[in-house]
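Structure first, commentary second.
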Amino acid sequence: MAVLDGFRLDGRRALITGGSRGLGRAMAQALAEVGADLVLVGRTATDLQAAREAIHDSTGRAVEVVVADVAHPDEASRAADNALATGPIDILINNVGGRREDIATEAITIESWQRYLDLNLTSAVLTTQRVAGPMLARGWGRIVNIASIAGPFIAFKGIGGRHYETAKAALAGFTRAAAVDWAARGVTVNAIC
């Protein structure tokens, strides 16, 4: 047995938000290469279809897709429910996030503040709530939140719109709290910064 054989995910299903491109797409590919079937969530049907075909063709793994913009709380909940309707989810990667505006902190409107908190934090919380229930019932699950060093550890100079750092710091806090709540019940929760 090779060392990496211990990391096989055969028989597991992973849900990746933002799984059609960038970091989410790379993580989806890696999970499929070690045997996981996938559910990819993204905003654009064509990007999702391209990711589905490329991953399936290169790995032979089953790949489902759910079109949703999880920056909207109702769509985040719907996407998680639709993913669960296709079968159990063993691994959740809350990858969606980003800083899409760079404005002075003192100029952030409440609408912009809420939009980016929903994108970077609320989407992960809602998806985690939906997916963790069945994981806890089965006594096994893995949740990985994509956080950032910006917020919980450092604040970079010369960047406006501190909604990103605030949301990522809160995501790190949510991760720690959920990890403490669920580890003894077989569900681990971690963050990558």
Side-chain angles (χ1 to χ4, degrees), residues 9 12-34 36-56 61-100 114-136 141-148 150-151 163-164 166-175 178-179 182 187-193:
L9 294 173
R12 302 288 186 188
R13 290 182 79 234
L15 168 62
I16 303 103
T17 65
S20 64
R21 58 190 179 95
L23 183 59
R25 170 72 173 74
M27 289 185 285
Q29 181 72 39
L31 290 170
E33 287 176 2
V34 295
D37 291 327
L38 306 175
V39 180
L40 307 179
V41 176
R43 292 179 295 169
T44 308
T46 54
D47 289 347
L48 285 167
Q49 188 60 31
R52 169 199 261 169
E53 290 172 7
I55 293 170
H56 174 73
R61 303 311 314 165
V63 182
E64 303 286 336
V65 297
V66 175
V67 178
D69 184 350
V70 299
H72 302 284
D74 58 330
E75 289 195 46
S77 297
R78 180 185 58 77
D81 291 343
N82 288 345
L84 287 166
T86 67
I89 301 297
D90 303 295
I91 302 159
L92 167 62
I93 299 179
N94 285 306
N95 170 63
V96 164
R99 174 196 306 279
R100 296 181 185 156
Q114 189 63 57
R115 183 172 58 251
Y116 289 102
L117 284 182
D118 286 345
L119 172 68
N120 289 293
L121 175 63
T122 308
S123 66
V125 172
L126 292 173
T127 305
T128 297
Q129 286 178 316
R130 291 289 212 281
V131 173
M135 287 178 173
L136 291 164
R142 302 293 179 258
I143 299 171
V144 179
N145 295 320
I146 306 304
S148 172
H163 40 60
Y164 178 81
T166 302
K168 292 300 186 177
L171 183 59
F174 173 72
T175 300
W182 297 337
V187 175
T188 63
V189 187
N190 291 281
I192 297 173
C193 293

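Just so we're clear, the structure is a prediction, and the values are computed from it rather than from any experiment. Positions are given from 1 along the sequence.
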- Query: Among all residues two or more places apart in sequence or in another chain, which pass the ring pair (Phe, Tyr, Trp, His ring centres under 6.0 Å) test with Y116?
  - Reply: H163
- Task: For N145 and N95, indicate whether the former's side chain and the latter's backbone hold a donor-acceptor pair under 3.5 Å.
- Result: no
- Minimum side-chain heavy-atom gap S123-T17 below 4.5 Å: no
- Could you tell me which non-hydrogen atom of A54 sits nearest to which non-hydrogen atom of R25, and how far apart they are? CB-NH2, 3.2 Å
- Heavy-atom closest pair, residues I146 and K168: O-NZ, 2.7 Å
- Between R13 and P88, which heavy-atom pair has the shortest distance, and what is it? NH1-O, 3.0 Å
- Going by the side chain to side chain contact (heavy atoms under 4.5 Å, CB included) test, name the single residue among T128, I143, L92 that passes it with V189. I143
- Message: Applying side-chain contact (heavy atoms from CB on, under 4.5 Å) to S20 and L40, what does each step give before you reach the verdict?
- Response: CA-CA 7 Å; S20 64; L40 307 179; 5.5 Å; no
- Query: Between D37 and R61, is there a salt bridge with N-O shorter than 4.0 Å?
  - Reply: yes
- Query: Can you tell if the side chain of P73 reaches within under 4.5 Å of the side chain of D118, non-hydrogen atoms only?
  - Reply: yes
- Does V96 reach the side chain of V41, with side-chain heavy atoms less than 4.5 Å apart? no
- Message: V66 vs T86, test: side-chain contact (heavy atoms from CB on, under 4.5 Å). Steps then yes/no.
- Response: CA-CA 10 Å; V66 175; T86 67; 5.8 Å; no
- Message: How long is the straight-line distance from CG of L121 back to CZ of F174, given to the nearest 0.5 Å?
- Response: 8.0 Å
- Heavy-atom check, side chain of R115 versus side chain of L119, under 4.5 Å: no
- Note on the structure: For T127 and A76 the tightest heavy-atom approach is OG1-O, 4.1 Å
- Query: Do R21 and T44 have side-chain N/O donor and acceptor atoms under 3.5 Å apart?
  - Reply: no
- How far apart are the closest heavy atoms of I55 and A32, and which atoms are they? CG2-CB, 3.5 Å
- Note on the structure: dist L126:CG -> H72:NE2 (nearest 0.5 Å) comes out at 13.0 Å
- Message: Within a 6.0 Å radius of atom CZ on R142, are there more than 12 heavy atoms belonging to other residues, nucleotides or ligands?
- Response: yes
- Task: Please say which of L38, N94, L23 ends up in a side chain to side chain contact (heavy atoms under 4.5 Å, CB included) with I16.
- Result: L38
- Query: Which heavy atom in L171 sits nearest to a heavy atom in A147, and how many Å separate them?
  - Reply: CD2-CA, 4.2 Å
- Rounded to the nearest 0.5 Å, the OG atom of S77 sits from the CD atom of Q129 at a distance of 7.5 Å
- For the atom pair CG (L15) and CD1 (I91), what is the distance rounded to the nearest 0.5 Å? 10.5 Å
